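A quick note: this is a predicted structure, and the numbers were derived from the prediction, not measured. Just so we're on the same page: letters track the sequence lines, and every chain starts at 1.
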Amino acid sequence: MHTKSLAELAEGLRNKDFSSEELTRSSLARIKQYDIQLNSFITVAEAPALAQARQADAQLASGKAGPLTGIPIAQKDIFCTEGVRTSCASKMLDNFISPYNATVVQKYNDAGAVMIGKTNMDEFAMGSSNETSFYGAVKNPWDLEAVPGGSSGGSAACVAARLVPAATGTDTGGSIRQPAALCGITGIKPTYGRVSRYGMIAFASSLDQAGAMAGSAEDTAMMLNAMAGFDPKDSTSIEKDVPDYTASLNNDIKGLKIGLPKEYFGEGLDADVAAKIEQAIEEYKKLGAEIVEISLPNSSLSVPVYYVVAPAECSTNLSRFDGVRYGYRCEDPEDLEDLYKRSRGEGFGAEVKRRIMIGTYALSAGYYDAYYLKAQKLRRLISEDFKQAFEKVDVIMGPTAPSTAFKIGEKSDDPITMYLSDIYTIATNLAGLPGMSVPAGFSNSLPVGLQIIGNYFDEARLLNVAHQYQNVTDWHRQIPKGFE
Amino acid sequence: MQWETVIGLEIHTQLATRSKIFSAASTAYGAEANTQACAVDLGLPGVLPVLNAEVVTMAIKFGLAIDATVAPLSVFARKNYFYPDLPKGYQISQMELPIVEHGKLEISLEDGTKKVIGVTRAHLEEDAGKSLHEDFQGMTGIDLNRAGTPLLEIVSEPDMRSAKEAVAYMKKMHSLVRYLGISDGNMQEGSFRCDANVSVRPKGQKEFGTRAELKNINSFRFVERAINIEVERQIDILEAGGKVVQETRLYDANKDETRSMRSKEEAMDYRYFPDPDLLPVEITAEQIETVRQTLPELPEAKKTRFISDYQLSEYDADILTNSRELADYFEDVARQSGETKLSANWVIGELSAMLNKEGKDISVSPVSADMLAGMLIRIKDNTISGKIAKEVFEAMWQGEGDADTIIDNKGLRQISDTGAIEKVLDEIIAANPQQFDQLKGGKDKLMGFFVGQVMKAMGGKANPAQVNELMKKKLA
């Protein structure tokens with residue numbers, strides 16, 4: 001069953017080829033068998049998953065099932081799940097059980113999906129390698145010594161290893177697309193505001209966006225159908241109709257204008273990765289697309305702008321973790337100050353503390369104008385670059401990451417090099433645009449991801465463009481050795 | 001040296017919404033601890049604020065009432081600091097772009113002069129919870145029922161020059177928010193409280209002196225005390241050749257002193273920045289107009305109308321429009337009795353005196369507007385005299401029934417039977433022949449003596465006008 005796509009599994013369930021309980025048990029069995037190597041799950045919710053599966057089977061039997069009814073999926077451990085621990089991969093929330101469901105979680109529950117467990121991630125989504133997790137690094141199924149990318153590394157690894165057909169992720173600076181690229185799966189970060197942030201533990205509120213990760217564009221479209229939409233509980237979610245993302249997958253892309261930003265093919269990009277991206281572009285030409293060279297002149301500002309804005313927002317978003325009401329509290333605090341200092345000092349990992357420090361500094365009196373305000377102004381310039389580009393082209397393409405998966409430990413001591421692994425993904429978050437990563441071949445047996453960036457609310461087109469490519473390639477069907 | 005006091009007030013008024021500013025939890029006062037705090041108020045991971053539209057309407061009302069600019073775009077900002085009763089580690093407030101700016105409020109001073117106090121700004125924010133330091137065996141208890149309660153912080157210009165002016169301003173503001181129906185103004189429950197920025201400078205000097213901020217004053221009396229004490233303290237320092245330090249001070253009502261909480265050096269860096277979880281608040285001109293239509297008659301307009309419609313003196317009109325409830329009470333009595341001046345006198349006089357004496361609010365007055373009007377009608381139709389009316393009022397206050405019941409039960413009906421009055425008068429003239437001759441001889445002062453004797457003999461129930469009339473006849 002694990003070799004089937006989500007779409008095929010959904011059809012199998014409807015045809016009664018197998019039950020949701022059987023499918024769920026198969027997924028649980030694979031997790032049991034393989035996750036010792038991968039460490040992609042923080043919590044496996046076996047009992048509640050089987051209960052949901054049986055409920056789904058009843059729905060399937062009564063003919064009231066939807067496309068996702070009975071499909072096992074994994075939730076990134078950043079989404080609050082009622083009754084199942086939500087740790088955000090931090091010691092701080094190791095004991096936290098949310099009394100409510102995130103809107104995204106509720107939507108999948110309502111759609112009849114089976115929540116099989118909570119996936120590993122970088123602590124509070126801060127990282128690009130999944131090495132900052134309190135629960136240990138996640139391994140890349142294509143090379144167990146390599147990172148899966150991050151922060152949604154657990155979601156990417158478990159989908160790549162076919163433990164589950166699909167998972168949720170969140171993307172603040174590339175946290176869906178970069179791990180999708182490094183693990184050879186398909187992932188979409190929708191337009192900011194397309195998916196509710198309610199119940200998704202905030203890292204950087206103005207950049208965070210939930211999205212889906214799966215084996216193909218079609219499966220991703222099915223996942224996005226269930227999660228997208230306005231939520232009155234999230235003031236930044238946008239009231240706009242949600243199309244059926246599967247409806248336009250087969251649209252012809254003849255005449256599609258693809259923009260290639262020259263800044264995404266310059267220094268710092270691995271030559272072999274560049275070659276694979278160029279081959280993918282060749283495929284698009286064959287499909288009738290037209291290639292336009294474009295420029296995003298402020299691209300080089302993305303990383304520095306991001307590393308002011310994101311830490312600034314995280315420094316205050318994470319203030320609520322103070323040891324007072326929930327989460328980690330230090331032993332025997334002497335007084336209030338001691339309670340704060342030790343609870344936070346002991347509860348947060350090094351990368352989280354680094355970003356809180358950077359952000360606190362950037363917002364401090366006397367530095368605010370020079371850092372935060374300046375960054376916000378540059379952010380507008382970066383958005384403006386895209387606005388102008390989209391006057392000329394329909395989508396923008398380039399590499400998702402500058403290299404394939406790197407070794408565990410290789411960059412963990414060098415934050416700057418680590419931060420540069422998101423160099424091609426960060427700008428879309430700053431602009432609020434939707435972006436995807438699609439498998440586009442292998443370099444030294446490791447997956448390469450093609451990034452497709454769209455205009456605001458153009459997710460349907462992105463998925464269509466990705467699906468057309470997947471119709472003529474089979475990169476997305478490759479299964480890592482040892483996980484067949 | 002002559003010193004001049006400079007005062008600016010920051011008033012925090014709790015807005016009278018049913019639910020909180022960013023969540024659906026109830027704002028009702030006095031519930032069991034932590035029973036009115038939902039996931040958003042508790043600052044659980046993942047929760048997001050959603051603005052209660054009603055607070056925006058209330059802020060617009062306030063802005064219009066003080067003749068201010070209602071900002072077409074205002075922004076919520078995070079004020080960051082750690083405190084156990086502040087669940088998120090930041091308070092959502094407004095900093096750079098407040099919802100209301102550049103207003104003014106006219107106050108009346110004791111000598112009858114007017115003064116306009118500038119209102120720099122008013123902004124929306126959420127209240128914090130409460131820390132409870134007693135009954136927890138050396139620990140601190142946290143009650144988050146109040147967390148997320150909507151507040152409007154009203155910041156004045158440093159335009160006040162005495163504690164009395166500050167009190168007058170605070171009272172006027174208190175009356176205004178209640179008029180507008182945007183706050184219950186309950187000071188015991190903390191719905192209306194203020195911080196005072198106080199400094200002194202040599203009279204004639206242009207620059208302001210160094211100020212101290214007095215925190216969390218929750219009564220009119222304490223405002224006056226706290227400011228006066230602080231002014232004395234500052235003058236003492238300056239006259240001794242010292243310097244006032246900029247700091248935050250707390251007024252201790254029990255010890256009647258102010259003491260330092262923290263100095264400027266210890267002042268926190270709140271790291272304000274726009275809250276990315278909330279969109280800017282956009283207010284259109286149409287929206288403002290819609291709210292304008294719902295504005296109640298404001299104190300100044302009501303006062304002007306009272307003077308022109310009821311021919312009241314400015315003094316009377318001022319008192320009667322002090323609170324919306326008092327004004328409504330007066331208008332009710334005046335309308336029912338048809339006697340405006342008499343109504344004003346009774347409401348300002350006897351009624352207010354009794355309310356003050358017993359510390360009661362007009363809303364719980366034992367004598368309702370209906371009852372007072374009923375009594376005034378009996379004065380008007382000569383059933384009772386004004387003097388007897390005081391006795392009737394007293395009885396109504398004591399709960400002995402309405403005016404007619406009391407008049408009947410106590411036999412207080414005025415005697416207007418000319419025959420009966422004349423009989424008594426004749427007896428009194430007969431008993432005082434000498435005085436009567438003197439009166440006839442032109443000693444007018446004795447008129448009062450005879451009228452008084454008649455009233456006394458008739459238990460005050462004789463119609464004074466008729467007694468006078470009859471006396472004149474006797475003298476003719």
Could you tell me which non-hydrogen atom of [X] sits nearest to which non-hydrogen atom of [Y], and how far apart they are?
X: B/Pro276; Y: A/Thr236; answer: O-CG2, 3.5 Å
X: B/Leu42; Y: A/Arg325; answer: O-NE, 2.8 Å
X: B/Val40; Y: A/Tyr198; answer: CG2-OH, 4.3 Å

Review point. So which of B/Gly43, B/Ala39, B/Gly89 has the largest heavy-atom pair count under 4.5 angstrom toward chain A?
Key: B/Gly43
Check your understanding: Are B/Phe273 and A/Tyr372 an aromatic pair by the rule of ring centers under 6.0 Å?
Key -> yes
Exercise for review: Identify which part of B/Asp277 has an atom lying under 4.5 Å from any heavy atom of chain A, answering side chain, backbone, both or neither.
Suggested key: both
Review point. Where on B/Tyr270 is there a heavy atom nearer than 4.5 Å to chain A: the side chain, the backbone, both, or neither?
Key: neither
Atom group of [X] that falls short of 4.5 Å from chain B, counting heavy atoms:
X: A/Ala365; result: both
X: A/Tyr367; result: neither
X: A/Phe79; result: neither
X: A/Tyr368; result: side chain

**Study point:** Expected output: side-chain A/Tyr100 to main-chain B/Leu44 donor-acceptor under 3.5 Å
**Key:** no
Review point. Got a donor-acceptor contact below 3.5 angstrom from the B/Arg271 side chain to the A/Thr360 backbone?
Key: no
Going by heavy atoms in the side chains, are [X] and [Y] under 4.5 Å from each other?
X: B/Phe22; Y: A/Ser235; result: no
X: B/Val47; Y: A/Arg320; result: yes
X: B/Pro45; Y: A/Thr86; result: no

**Study point:** Nearest-0.5 Å distance that lies between atom OG in A/Ser319 and atom CG in B/Leu86
**Key:** 9.0 Å
Practice item. For B/Arg78 and A/Asn317, test the side chains for any donor-to-acceptor distance below 3.5 angstrom and give the result as yes or no. Key: yes
Practice item. Go through the steps for B/Leu48 and A/Lys233 under the test side chain to side chain contact (heavy atoms under 4.5 Å, CB included), then give the verdict. Key: CA-CA 7 Å; B/Leu48 295 169; A/Lys233 290 183 194 148; over 6 Å; no
Check your understanding: Looking at A/Leu318, A/Asp234, A/Ile78, A/Leu93, which one has more heavy-atom pairs under 4.5 Å with chain B than the rest?
Key -> A/Asp234
Counting only heavy atoms not in [X] (residues, nucleotides, ligands), do more than 12 fall under 6.0 Å from its [atom1]?
X: B/Glu289; atom1: CD; answer: yes
X: A/Tyr371; atom1: OH; answer: no
X: A/Lys91; atom1: NZ; answer: yes
X: B/Arg18; atom1: CZ; answer: no
X: A/Lys353; atom1: NZ; answer: yes

